[in-house]
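Note that the coordinates shown come from a computational prediction; the quantities given were computed from them, not determined experimentally. Read the numbers this way: they start at 1 and go in the same order the structure lists the ligands and their atoms.
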Amino acid sequence: MAQAQAVEKKQMRTPIESGCPDGMQYMHPLMIKNFGNWKYHDRPRPGVLHHVAYSGDEIWTVRVGTQRQLGPYEINLLCDIVDKYGEGHVRFTIRSNLEVMVSKWDKVGPLIQAFNDAGYPVGGTGNSVTMISHTQGWLHCDIPGTDASGVVKSLMDELYEEFIKEEMPNRVHITTSCCQINCGGQGDIAINVQHTKPPKINHDLVANVCERPSVVARCPVAAIRPAIVNGKPSLEVDEKKCICCGACYPPCPPMQINDPEHSKLAIWVGGKNSNARSKPMFQKLVAAGLPNNPPRWPEVAAVVKKILYTYKKDARDWERVGDWVERIGWPRFFELTGLPFTKFHIDNWRGARNSLNASTHIRF
Ligand code: SF4
Ligand code: SF4
């Protein structure tokens, strides 16, 4: 019996892991050798990090901006450069910069030249505007209200000089988010989708597609109720209560909320996750109702640049955007940037415990 169990156990299939692979196997050999034993690092020029280990080993990392969504042509081009001028090791940062490690300073110049010749900028380190992070967008998600990488690409084209130089008071993290409720963007400057109309319901599809109780429970302000429409089970929305958040659309696509005209973009300012020099901060809304205007989003770019260059001019060294606003105050922020201040900007969430749906109980 015990023998049969042992044989059975031996033949059990090992699970196929589909998660993130172990990164050590892809690391540059010098990084593996000195893992956890680095003495210090500095930046010899924008876009290049230089790490020195206790063993005396040195490694240079060249950071390259990409267009975020890479096809086979771009990937082959970048890999050819890395094979020819680097040492065959690359990694992506969480903001989709490419980082190439080399063991000799002499290799850094030709590597940068090769990337620049191919149209790829080197930068994004220190006090620069590094690559904008974005949520998945149309390529990977089924609920976006806007393209995400398109906004990033067009904005980074405008902020190219700020990527290759380190001339900001501190690092600037810009984020974009293609719906209002899920992955979300939190950054020094964040560009997030903003729906301005309640969802339109396709009543013919609700009964077949949606689990009505879970849609009712999903609404943060209890604005959705079950209803019978044209003799079929469906849902209805109390439009006076609806805050146009879009939370009902993912579990129930017939509650269509994305709209080319009424899905707008909003800009939030002053968020940061770091606790260097000051506490982490939550961003605040500063501009709303901007048109979602592909392919270059000029209205959004104009507001982002206005905020960015006002910060660059007025902030003290090492102040993040949020630190700068805390010091000068919000009235002065609106004065300096020239953005209109409206009553909609004031929401300190006092009273949210009563007005928001804080439980999963279903209300009818
Ligand atoms: S932010 Fe929203 S729409 Fe965009 S990828 Fe995340 S869940 Fe999807
Ligand atoms: S989930 Fe959001 S968009 Fe949908 S009805 Fe409720 S408040 Fe409106």
Side-chain angles (χ1 to χ4, degrees), residues 68-69 94-96 132-153 155 173-187 189-203 205-206 209-227 229 234-268 271 283 285 288-289 292 294 297 300 344 347 349 351-352 354-364:
R68 305 230 34 153
Q69 289 180 358
I94 53 169
R95 288 179 170 264
S96 295
I132 300 174
S133 69
H134 74 68
T135 47
Q136 321 299 314
W138 286 327
L139 205 59
H140 298 289
C141 180
D142 55 1
I143 57 173
T146 184
D147 184 19
S149 50
V151 185
V152 168
K153 172 72 174 78
L155 256 179
H173 284 172
I174 302 182
T175 67
T176 68
S177 183
C178 42
C179 79
Q180 212 165 288
I181 46 159
N182 286 345
C183 315
Q186 148 86 346
I189 302 174
I191 301 145
N192 294 339
V193 156
Q194 174 198 32
H195 299 300
T196 57
K197 291 266 187 208
K200 276 189 223 145
I201 306 176
N202 184 338
H203 295 289
L205 295 180
V206 169
V209 177
C210 313
E211 232 179 80
R212 291 189 305 156
S214 62
V215 185
V216 171
R218 182 69 90 96
C219 180
V221 290
I224 307 174
R225 287 187 295 261
V229 181
S234 187
L235 297 160
E236 66 182 7
V237 171
D238 181 344
E239 296 194 353
K240 284 204 192 102
K241 279 179 158 183
C242 175
I243 54 170
C244 311
C245 68
C248 49
Y249 177 64
C252 186
M255 299 191 70
Q256 184 65 50
I257 193 161
N258 291 337
D259 180 285
E261 190 188 340
H262 299 294
S263 291
K264 306 278 190 185
L265 290 165
I267 296 187
W268 302 66
Q283 60 198 12
L285 179 84
N292 184 10
W297 291 270
V300 171
F344 301 110
D347 190 351
W349 298 95
N354 296 325
S355 61
L356 292 188
N357 184 3
S359 84
T360 52
H361 286 105
I362 297 168
R363 295 160 186 77
F364 294 109

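With ligand atoms numbered from 1 in the order given, ligand 1 contributes 1 (S), 2 (Fe), 3 (S), 4 (Fe), 7 (S) to contacts under 4.0 Å with heavy atoms of Cys179. For ligand 2, the atoms sitting less than 4.0 Å from at least one non-hydrogen atom of Cys242 are 3 (S), 5 (S), 7 (S), 8 (Fe), numbered in the order shown with element in parentheses. Proximity to Val221 (heavy-atom distance under 4.0 Å) selects the following atoms of ligand 2: 7 (S). When each atom of ligand 2 is checked for a heavy atom of Ile224 under 4.0 Å away, the hits are 5 (S). Listed by number with element, the atoms of ligand 2 under 4.0 angstrom from any heavy atom of Ile243 are 7 (S). Taking every non-hydrogen atom of Ile143 and a distance limit under 4.0 Å, the qualifying atoms of ligand 1 come out as 3 (S), 7 (S), 8 (Fe). The distance from ligand 1 to the heavy atoms of Ser177 drops below 4.0 Å at these ligand atoms: 1 (S). Interface atoms of ligand 1 facing Thr135, defined by a heavy-atom separation under 4.0 Å, are 1 (S), 4 (Fe), 5 (S), 6 (Fe). The distance from ligand 2 to the heavy atoms of Pro220 drops below 4.0 Å at these ligand atoms: 1 (S).
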Exercise. Applying side chain to side chain contact (heavy atoms under 4.5 Å, CB included), run through Arg212 and Val206 and close with a yes or a no.
Key: CA-CA 8 Å; Arg212 291 189 305 156; Val206 169; 4.2 Å; yes
Self-check item: Intermediate values then yes/no, disulfide bond (SG atoms under 2.5 Å apart), Cys210 and Cys252
Solution: CA-CA 5 Å; Cys210 313; Cys252 186; 2.1 Å; yes
Quiz prompt | Test side chain to side chain contact (heavy atoms under 4.5 Å, CB included) applied to Ile191 and Trp268, step by step | solution = CA-CA 6 Å; Ile191 301 145; Trp268 302 66; over 6 Å; no
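With rounding to the nearest 0.5 Å, the separation of CG in Leu155 from CD1 in Ile189 is 9.0 Å. Residue His195 holds its NE2 atom at 10.0 Å from CG of Asn292, rounded to the nearest 0.5 Å. Atom-to-atom distance recorded for His203:NE2 and Met255:CE is 9.0 Å, nearest 0.5 angstrom.
Counting protein heavy atoms only, atom 4 (Fe) of ligand 2 is closest to Cys248 SG, 2.3 Å. Scanning the protein heavy atoms around atom 2 (Fe) of ligand 2, the nearest turns out to be Cys245 SG, 2.4 Å. Counting protein heavy atoms only, atom 6 (Fe) of ligand 2 is closest to Cys219 SG, 2.3 Å. Atom 3 (S) of ligand 2 has its closest protein heavy atom at Gly246 N, 3.3 Å.
Heavy atoms of Cys141 found under 4.0 angstrom from ligand 1 belong exclusively to the side chain.
Among the backbone and side-chain atoms of Cys244, none of the N, O or S atoms lies under 2.8 Å from atom 4 (Fe) of ligand 2. Residue Cys178: an N/O/S atom is found under 2.8 Å from atom 4 (Fe) of ligand 1.
Distances shorter than 4.0 angstrom occur between a heavy atom of Gly137 and an atom of ligand 1. Using a 4.0 Å heavy-atom cutoff, Pro198 is absent from the residues neighbouring ligand 2.
Looking at Asn258, its side chain does come within 3.5 Å of a backbone N or O of Pro144 through a donor-acceptor pair. At least one donor-acceptor pair under 3.5 Å links the side chain of Thr196 to the backbone N or O of His262. For Thr135 (side chain) and Cys178 (main-chain N/O), a donor-acceptor pair under 3.5 Å exists by modelled atom type.
Around the CD atom of Glu211, the shell of radius 6.0 Å holds no more than 12 heavy atoms that belong to other residues, nucleotides or ligands.
Gln256 has its side chain out of reach of Asn202: every pair of non-hydrogen atoms, C-beta onward, lies at least 4.5 Å apart.
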